[in-house]
Participant: 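The following block contains the structure, expressed as structure tokens.
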Amino acid sequence: MSFVIPPPVLPLRRGRNNDYLLIGYIILNKYFNRYYQQIRGKQKREALVWSGLMLVLYLWSGNVSELNLKTVFLSAPHFFDYIGETVPVLHWSLLFADGHTEGSLAYWGYRLNIQLPLIWETIQLALSSTILSTALATLLAFMAANNTDSPKWLKLSIRTFVAFLRTMPELAWAVMCVMAFGIGAIPGFIALTLHTVGSLTKLFYESIETASDKPVRGLKSCGAGRLQRMRFAIWPQVKPIFLSYSFMRLEINFRQSTILGLVGAGGIGQELMTSIKLDRYDQVSMTLLLIILVVSFMDFLSGKLRKRAVEGTF
């Protein structure tokens, strides 16, 4: 595709000046097309070089990690074997029989009286940690952003601190908290809160730095203070982004809380691990089904809440 500069609409009266003008536009169009082709060729060469470099790094990392594509292709058909084993055996004729009849829905969900309270505990764990983490991350993000006039030492300190928090995975935090506070929901809450503060703070202050500075300069010229500029110039711009990241983190925390239960940090994870160890594949599928349903519902609900918050209809 080439860009062509059309010649100007010349008056009907012919003259030497008009001829010179037309010749000048033709020459300009010729040189512009040549320059465009040079730039386009340079971009193609750079894209080819970077693609080749990434391919070399990819192959080199695969060689270092002893990745064997032959093994991957041969083992791929067995990927769904475990999932197939977790599918419950249900019989249409016995589907609505009592809980003592194998092949019925009641027999498949005979541990729902245990699993549902654990699911509710996992939801509470994820919700409480996300709410507290969002509040702390919002406060830290405004102090760590480059466009909020914070002292450099404060910005550097906060960024270093939150980088350390998110570097440690939730499972590592959970193990440390279980050793300190014992088995229960408190270690899971602390582990999720620490990691979520580290992750959300980075996302938040990067969003603040992308906000337009025109409203900030306008309020500053009117004599508005620092907090007023943050409240009325920056916050309206980043509010939808903050909500999106917070709801996304709520879903992540719910899924992570199921993993934290494996180390005794509360929630449905311990039930899932017990079913796996006892080879109760039907209960594994029931637990996974409950987790999928809750995550889907949270995704639907978070979308509705975000839309209402952005539109201001709360």
Side-chain angles (χ1 to χ4, degrees), residues 61 64-65 114-145 150 153-207 242 244-278 280 283-284 287-288 290-292 294-295 298-299 302:
S61 61
V64 172
S65 60
I114 299 175
Q115 294 167 342
L116 290 178
L118 291 176
I119 280 286
W120 177 241
E121 179 182 340
T122 304
I123 295 175
Q124 291 177 315
L125 192 62
L127 185 62
S128 58
S129 61
T130 303
I131 292 176
L132 179 59
S133 302
T134 301
L136 294 176
T138 301
L139 180 62
L140 294 175
F142 274 97
M143 293 189 292
S150 298
W153 66 268
L154 181 60
K155 291 187 292 186
L156 181 61
S157 301
I158 293 176
R159 294 189 179 205
T160 304
F161 174 66
V162 297
F164 168 72
L165 291 181
R166 66 175 176 270
T167 300
M168 292 279 289
E170 295 96 330
L171 195 59
W173 283 119
V175 172
M176 295 172 57
C177 292
V178 166
M179 295 177 63
F181 302 100
I183 295 176
I186 294 180
F189 170 77
I190 297 175
L192 288 174
T193 301
L194 292 176
H195 191 273
T196 304
V197 168
S199 300
L200 286 183
T201 302
K202 177 177 174 59
L203 295 174
F204 285 176
Y205 72 67
E206 288 181 349
S207 301
F242 279 31
S244 297
Y245 284 141
S246 300
F247 288 132
M248 179 189 68
R249 192 66 205 188
L250 175 61
E251 299 173 18
I252 294 175
N253 283 345
F254 177 78
R255 291 191 293 268
Q256 288 296 328
S257 60
T258 62
I259 300 175
L260 299 185
L262 303 179
V263 295
I268 195 66
Q270 185 63 44
E271 172 70 14
L272 180 62
M273 177 56 71
T274 302
S275 300
I276 293 174
K277 288 181 177 180
L278 297 178
R280 290 304 310 267
Q283 296 309 306
V284 171
T287 305
L288 293 177
L290 291 175
I291 294 173
I292 292 172
V294 171
V295 170
M298 291 175 65
D299 179 60
S302 64

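We number each residue from 1, following the sequence as shown.
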Participant: Determine the minimum heavy-atom distance between L125 and A185, stating which atoms define it.
Facilitator: CD1-O, 3.3 Å
Participant: Within this structure, what is the CG-CG distance for the pair L290 and L118, rounded to the nearest 0.5 Å?
Facilitator: 10.0 Å
Participant: Using atom types as modelled and distance alone, determine if a side-chain donor or acceptor of S257 lies under 3.5 Å from a backbone N or O of F254.
Facilitator: yes
Participant: Locate the shortest heavy-atom distance separating T130 from S246; write the atom from each residue and the value.
Facilitator: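 Heavy atoms of T130 and S246 come nearest at CG2-O, 3.7 Å.
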Participant: Count the heavy atoms belonging to other residues, nucleotides or ligands that lie under 6.0 Å from CD1 of I183, then report whether that count exceeds 12.
Facilitator: no
Participant: Flag yes if more than 12 heavy atoms outside L136 fall under 6.0 Å of its CG atom; otherwise flag no.
Facilitator: yes
Participant: Roughly how far, to the nearest 0.5 Å, is OG of S128 from CG of L132?
Facilitator: 8.0 Å
Participant: With under 30° as parallel and over 60° as perpendicular, where do the rings of F204 and F242 fit, or are they tilted in between?
Facilitator: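 Because their plane-to-plane angle is under 30°, the rings of F204 and F242 count as parallel.
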Participant: Look only at the side chain of R166 and the backbone of V197, and say whether a donor-acceptor pair between them is shorter than 3.5 Å.
Facilitator: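 Flag not set: sc R166 to bb V197 has no pair under 3.5 Å.
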Participant: Taking T201 for its side chain and A141 for its backbone only, find out whether a donor-acceptor pair lies under 3.5 Å.
Facilitator: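 Not confirmed, T201 side chain does not pair with A141 backbone.
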Participant: Do you know which two heavy atoms are closest between P187 and G184, and how far apart they sit?
Facilitator: CD-O, 3.3 Å
Participant: Do Q115 and Q283 meet the criterion of a side-chain donor-acceptor pair at a distance under 3.5 Å?
Facilitator: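 Indeed, the side chains of Q115 and Q283 share at least one donor-acceptor pair under 3.5 Å.
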Participant: I'd like to know if the side chain of T258 and the backbone of R255 have a donor-acceptor N/O pair within less than 3.5 Å.
Facilitator: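 Side chain of T258 to backbone of R255, a donor-acceptor pair under 3.5 Å: yes, one is there.
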Participant: Looking only at non-hydrogen atoms, find the nearest pair between G198 and L165 and report the distance.
Facilitator: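 Result for this residue pair: CA-CB, 3.9 Å.
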Participant: Let's go through F181 and I190 carefully: what are the C-alpha distance in whole Å and the side-chain angles of both, what is the deciding distance for side-chain contact (heavy atoms from CB on, under 4.5 Å) to 0.1 Å, and is it a yes or a no?
Facilitator: CA-CA 10 Å; F181 302 100; I190 297 175; 3.6 Å; yes
Participant: Checking side-chain contact (heavy atoms from CB on, under 4.5 Å) between S133 and each of N253, L194, T193, which is the one that passes?
Facilitator: T193
Participant: Taking the side chain as every heavy atom from C-beta outward, state whether Q256 and H195 have any atom pair closer than 4.5 Å.
Facilitator: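 Contact flag for Q256/H195 side chains = no.
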Participant: Salt-bridge test for E170 and R249: reply yes if a basic N is under 4.0 Å from a carboxylate O, no otherwise.
Facilitator: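 Result for this pair is yes, salt bridge flagged.
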Participant: Does a side-chain heavy-atom distance below 4.5 Å link L140 with M143?
Facilitator: yes
Participant: Which heavy-atom pair separates A191 from C177 by the least distance, and what is that distance?
Facilitator: N-SG, 4.3 Å
Participant: To the nearest 0.5 Å, how far apart are CD1 in I268 and CD1 in I291?
Facilitator: 6.5 Å
Participant: Once you round to the nearest 0.5 Å, how far does CZ of R159 lie from NZ of K155?
Facilitator: 7.0 Å
Participant: Hey, what do you get for CG (L200) to CE (M248), rounding to the nearest 0.5 Å?
Facilitator: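 Between atom CG of L200 and atom CE of M248 there are 7.5 Å.
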Participant: How long is the span from the CD1 atom in I292 to the CG atom in L288, to the nearest 0.5 Å?
Facilitator: 6.0 Å
Participant: To check you understand the geometry: which heavy-atom pair defines the closest contact between A144 and Y205, and what is its length?
Facilitator: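 In terms of heavy atoms, the two residues are closest at CB-CD2, 4.0 Å.
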